[in-house]
Student: 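First the structure, which I've put down as structure tokens, then a few questions once you've had a look.
Side chains are part of it too, since the values below use all heavy atoms of this structure and drop only hydrogens, waters and symmetry mates.
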Amino acid sequence: MDSLRRSSFALLFFLLFSSCVSSSAAKFNIPRLRTRPRTIQNEPILMSASESKDYKTFLYTQPLDHFNYRPDSYKTFQQRYLINFKYWDGANTSAPIFVLFGGEESIDYDRDINGFLPENAPHFKALLVYIEHRYYGKSVPFGTKEEAMKNASTLGYCNSAQAIADYAAVLLHIKQKYSAEKCPVIVIGGSYGGMLASWFRLKYPHIALGALASSSPILYFDGVVDPQVGYYTIVTKDFKLKDYLDSLYTDAAQYDEPPKYPVSRVCGAIDGAEGTDTLDKIFAAVVTYMGNTSCYDMEEFGSPTSTYDMFTWQVCTELVFPIGHGHNDTMFPLAPFDLSSFSKTCEGLFGVQPKPHWVTTYYGGQDIKLILHNFASNIIFSNGLRDPYSSGGVLKNISDSVVALNTVNGSHCLDILPAKESDPLWLIMQRKAEVEIIEGWLAKYHADLLEFEDETRARSQELE
């Protein structure tokens, strides 16, 4: 049986790599920006019934379009958000509101895999809010996912600017509903959700006091960083090819977290494989990461789903990540990013052309240290340097309050995942540093609030 599986894998390996160069340009294969890996064996355990009862589900009537006044812009949809009141000290004490920004998943998934909010809520006596991203989960315009994904006209309302405007509307509604206008808001997100958190702090500083953006490659656009020495260079360094193997290696590298450290396991399998030929070693790596089975699903990483297709739309329009295999710097076949080919693929899928310069036009990115140093504040950019997407992250402090917290051995979004007894000291210290920084933001806010209220009372007394 092993020899039969190996022979089948050999044929597949040959077919994959023999078509590498000819098909690489046309293949849409941008690594996903999700907090956790997609592979089935790594799916999180869902929250228990006793834990989930602490979360109440609400719906907010959200306008379809925040930026136009055409009649069709006033259409609405129901946006889902969750609140956990368990630890909140209440509006009277100006206790903080911690908000998780949903990414390209349902909010149930994002809630279940996030550890930072519930683990720190008792210490901060915080209200916990989780907001689902439009078009994902159950927050779908036009009634059904089929209608929402019908064509570019219905998909056109799915973008990051609309999403963070949604979040602003929901948060203002919550603050008003619970008389929490004086409660400071800390927004948190991982991966794409982390990008949204950092952009929200820049665009809506009157709503969010600060942001924790974990593994957020906000510089991976419009030539801010060199895309050809980015993502796949780090994948290669982590392991020091086509489609399935490409995805397996990137998945392991991006989510190379303790205690299992999949990169080390895969490398150990390669080094310890019986036999000396390359195929033996590659097959050993597949077995180690995917498990020993009689058949491997070659569509494991790329099979279409509504979530996958929706994020493909976003990548094809505004989130244009120029990720490719560069010259002589990765273990992958040469396949540099080609905007022309990428644009043709997107036009074939959706009938639209990408806007590769829009992210830096709308949010910034060029000369980020100079620009953000002058006006931004209270943002934590956390990265694990074994995460390939860290090549597009903010890795150096920009100012005293816009800071980078990096860990050499960290992986994608590891710092905001649930804590484990097996967590290494460097990860514990990274999380501790994040908490201490947020404590500083809140202490300053409450001091400023007290001073402002004293001044207001003094002026009122003068007028009497």
Student: Would you say the side-chain atoms of Ser411 pair up with the backbone N or O of Leu414, donor to acceptor, closer than 3.5 Å?
Tutor: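 Here the side-chain-to-backbone pair does not exist.
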Student: Show your reasoning for whether side chain to side chain donor-acceptor pair (under 3.5 Å) applies to Gln78 and Ser139.
Tutor: CA-CA 6 Å; Gln78 296 299 299; Ser139 300; over 6 Å; no
Student: Using a 4.5 Å cut-off on heavy atoms from C-beta on, say whether the side chain of Ser106 contacts that of Lys138.
Tutor: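 Side-chain contact under 4.5 Å: no.
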Student: Quick check: closest heavy atoms across Tyr136 and Gly103, and the distance to 0.1 Å?
Tutor: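 Looking at all heavy atoms of both residues, the closest pair is CD1-O, 3.8 Å.
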Student: Look at Asp65 together with Arg70 and state whether they make a salt bridge at an N to O cut-off of under 4.0 Å.
Tutor: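 Here Asp65 does not pair with Arg70 in a salt bridge, since their nearest N and O are not under 4.0 Å apart.
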Student: When the ring centroid of Tyr192 is compared with that of Phe311, is the distance short of 6.0 Å?
Tutor: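 That pair passes the under 6.0 Å test.
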Student: Donor-acceptor check, side chain of Asn120 to backbone of Phe116, threshold 3.5 angstrom: yes or no?
Tutor: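 Yes, the answer is positive, given that a donor and an acceptor are paired below the 3.5 Å cut-off.
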Student: So Ile218 and Val394, do their side chains get closer than 4.5 Å, heavy atoms only?
Tutor: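 Yes, their side chains come closer than 4.5 Å.
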Student: Judged by atom type as modelled, is there a donor-acceptor pair below 3.5 Å linking the side chain of Ser215 to the main-chain atoms of Gly190?
Tutor: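 No, Ser215 side chain to Gly190 backbone: no donor-acceptor pair under 3.5 Å.
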Student: Does Leu339 reach the side chain of Pro356, with side-chain heavy atoms less than 4.5 Å apart?
Tutor: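 In contact.
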Student: Pairing donors with acceptors under 3.5 angstrom, does anything connect the side chains of His66 and Asp166?
Tutor: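 Their side chains do contain a donor-acceptor pair, which is all the 3.5 Å distance test asks for.
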Student: Is there a side chain to side chain contact (heavy atoms under 4.5 Å, CB included) between Lys175 and Val185 once you walk through the steps?
Tutor: CA-CA 10 Å; Lys175 296 188 83 171; Val185 171; 4.2 Å; yes
Student: Can you list everything that forms a ring-ring contact (aromatic ring centres under 6.0 Å, His included) with Tyr81? Sequence neighbours excluded, please.
Tutor: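 Tyr81 satisfies ring-ring contact (aromatic ring centres under 6.0 Å, His included) with Phe58 once adjacent residues are dropped.
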Student: Closer than 3.5 angstrom, by distance alone: can the side chain of Gln430 be matched with the main-chain N or O of Gly384 as a donor-acceptor pair?
Tutor: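 Side chain of Gln430 to backbone of Gly384: no pair is present.
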Student: Quick one: does Ser377's side chain get under 4.5 Å of Arg201's, heavy atoms only?
Tutor: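 Touching, per the 4.5 Å side-chain cut-off.
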Student: Keeping the roles fixed (side chain from His373, backbone from Ser399), state whether a donor-acceptor pair exists under 3.5 Å.
Tutor: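 Absent.
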Student: List the steps, then state whether side chain to side chain contact (heavy atoms under 4.5 Å, CB included) holds for Asn383 with Leu395.
Tutor: CA-CA 7 Å; Asn383 282 280; Leu395 302 180; 3.8 Å; yes
Student: Is NZ or CZ of Arg134 both nearer than 6.0 Å to the six-membered ring centre of Phe77 and within 45° of the ring axis?
Tutor: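 Cation-pi check for Arg134 and Phe77: fails.
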Student: Which is it for His412 and Ser191 under the side chain to side chain donor-acceptor pair (under 3.5 Å) test, yes or no, and what are the steps along the way?
Tutor: CA-CA 8 Å; His412 199 64; Ser191 201; 2.8 Å; yes
Student: Please enumerate all residues that pass side-chain hydrogen bond (donor to acceptor under 3.5 Å, both in side chains) together with Ser214, with sequence neighbours excluded.
Tutor: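 With neighbours one apart ignored, the set is Asp415.
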Student: Does Trp426 reach the main-chain N or O of Asn409 with its side chain, forming a donor-acceptor pair under 3.5 Å?
Tutor: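 It does not hold such a pair.
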Student: Should the pair Lys344-Asp338 be classified as a salt bridge under the 4.0 Å nitrogen-to-oxygen rule?
Tutor: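 So Lys344 does not pair with Asp338 through a salt bridge.
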Student: Any heavy-atom pair between the side chains of Arg80 and Ile107 that's under 4.5 Å?
Tutor: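 Result yes, sub-4.5 Å side-chain heavy-atom pair found.
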Student: More than 12 non-hydrogen atoms from neighbouring residues, nucleotides or ligands closer than 6.0 Å to NZ on Lys444, yes or no?
Tutor: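 Result for NZ/Lys444: open.
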Student: State whether the number of non-hydrogen atoms from other residues, nucleotides or ligands found under 6.0 Å of Glu181 atom CD is greater than 12.
Tutor: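 Enclosed: over 12 neighbouring heavy atoms sit under 6.0 Å from CD of Glu181.
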Student: Does NZ in Lys177 sit with more than 12 non-hydrogen atoms of other residues, nucleotides or ligands closer than 6.0 Å?
Tutor: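 Counting neighbours around NZ of Lys177, more than 12 heavy atoms of other residues, nucleotides or ligands fall under 6.0 Å, so yes.
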Student: Could you check whether any side-chain N or O of Ser390 sits under 3.5 Å from a backbone N or O of Arg386, counting only pairs where one atom can act as donor and the other as acceptor?
Tutor: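 Here the side-chain-to-backbone pair does not exist.
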Student: Ring centroids only, cut at 6.0 angstrom: are Tyr178 and Phe85 within range, meaning strictly under it?
Tutor: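 Under 6.0 Å, so yes.
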Student: Kindly say whether Ala121 contributes a backbone atom to a donor-acceptor pair with the side chain of Lys86 at under 3.5 angstrom?
Tutor: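 Judged by distance alone, no pair lies under 3.5 Å.
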Student: Any donor and acceptor pair, going by atom type alone, linking the side chain of Trp441 with main-chain N or O of Asn378 inside 3.5 Å?
Tutor: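 No, Trp441 side chain to Asn378 backbone: no donor-acceptor pair under 3.5 Å.
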Student: With sequence neighbours left out, write down each residue that passes side-chain hydrogen bond (donor to acceptor under 3.5 Å, both in side chains) with Tyr157, or none if nothing qualifies.
Tutor: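 Scan of Tyr157 (side-chain hydrogen bond (donor to acceptor under 3.5 Å, both in side chains), adjacent residues dropped) gives none.
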Student: Mark yes when over 12 heavy atoms from residues, nucleotides or ligands other than Asn92 sit less than 6.0 Å from its CG; otherwise mark no.
Tutor: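 For Asn92, atom CG is not crowded (no more than 12 foreign heavy atoms under 6.0 Å).
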Student: Mind running side chain to side chain contact (heavy atoms under 4.5 Å, CB included) on Thr317 and Val352 for me, showing each step along the way?
Tutor: CA-CA 7 Å; Thr317 50; Val352 298; 4.0 Å; yes
Student: Any luck finding a side-chain donor-acceptor pair between Thr76 and Gln62 under 3.5 Å?
Tutor: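 Note: Thr76 and Gln62 side chains miss the donor-acceptor criterion.
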Student: Go through Gln79 and Glu132 one step at a time and tell me if the side chain to side chain donor-acceptor pair (under 3.5 Å) criterion holds.
Tutor: CA-CA 7 Å; Gln79 184 166 23; Glu132 193 164 63; over 6 Å; no
Student: In sequence, state the C-alpha distance, the side-chain angles, and the governing distance for Leu202 and Phe375, and then conclude on side chain to side chain contact (heavy atoms under 4.5 Å, CB included).
Tutor: CA-CA 9 Å; Leu202 297 178; Phe375 83 94; 4.1 Å; yes
Student: Establish, from distance only, whether the side-chain atoms of Thr360 and Asp222 form a donor-acceptor pair under 3.5 Å.
Tutor: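 Asp222 and Thr360 do have a side-chain donor-acceptor pair below 3.5 Å.
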Student: Which residue, Trp199, Tyr167, Tyr130, forms the side chain to side chain contact (heavy atoms under 4.5 Å, CB included) with Phe101?
Tutor: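 Exactly one pass, corresponding to Tyr167.
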Student: Please check if the side chain of Glu434 supplies one atom and the backbone of Leu212 the other of a donor-acceptor pair under 3.5 Å.
Tutor: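 Between the backbone of Leu212 and the side chain of Glu434 there is no qualifying donor-acceptor contact (under 3.5 Å).
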Student: Check this for me, if you would: do Glu453 and Lys182 make a salt bridge, where the nitrogen-to-carboxylate-oxygen distance has to be below 4.0 angstrom?
Tutor: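 Result for this pair is yes, salt bridge flagged.
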Student: Verify whether one side chain among Ser160 and Tyr363 offers a donor that lies under 3.5 Å from an acceptor in the other.
Tutor: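 Indeed, the side chains of Ser160 and Tyr363 share at least one donor-acceptor pair under 3.5 Å.
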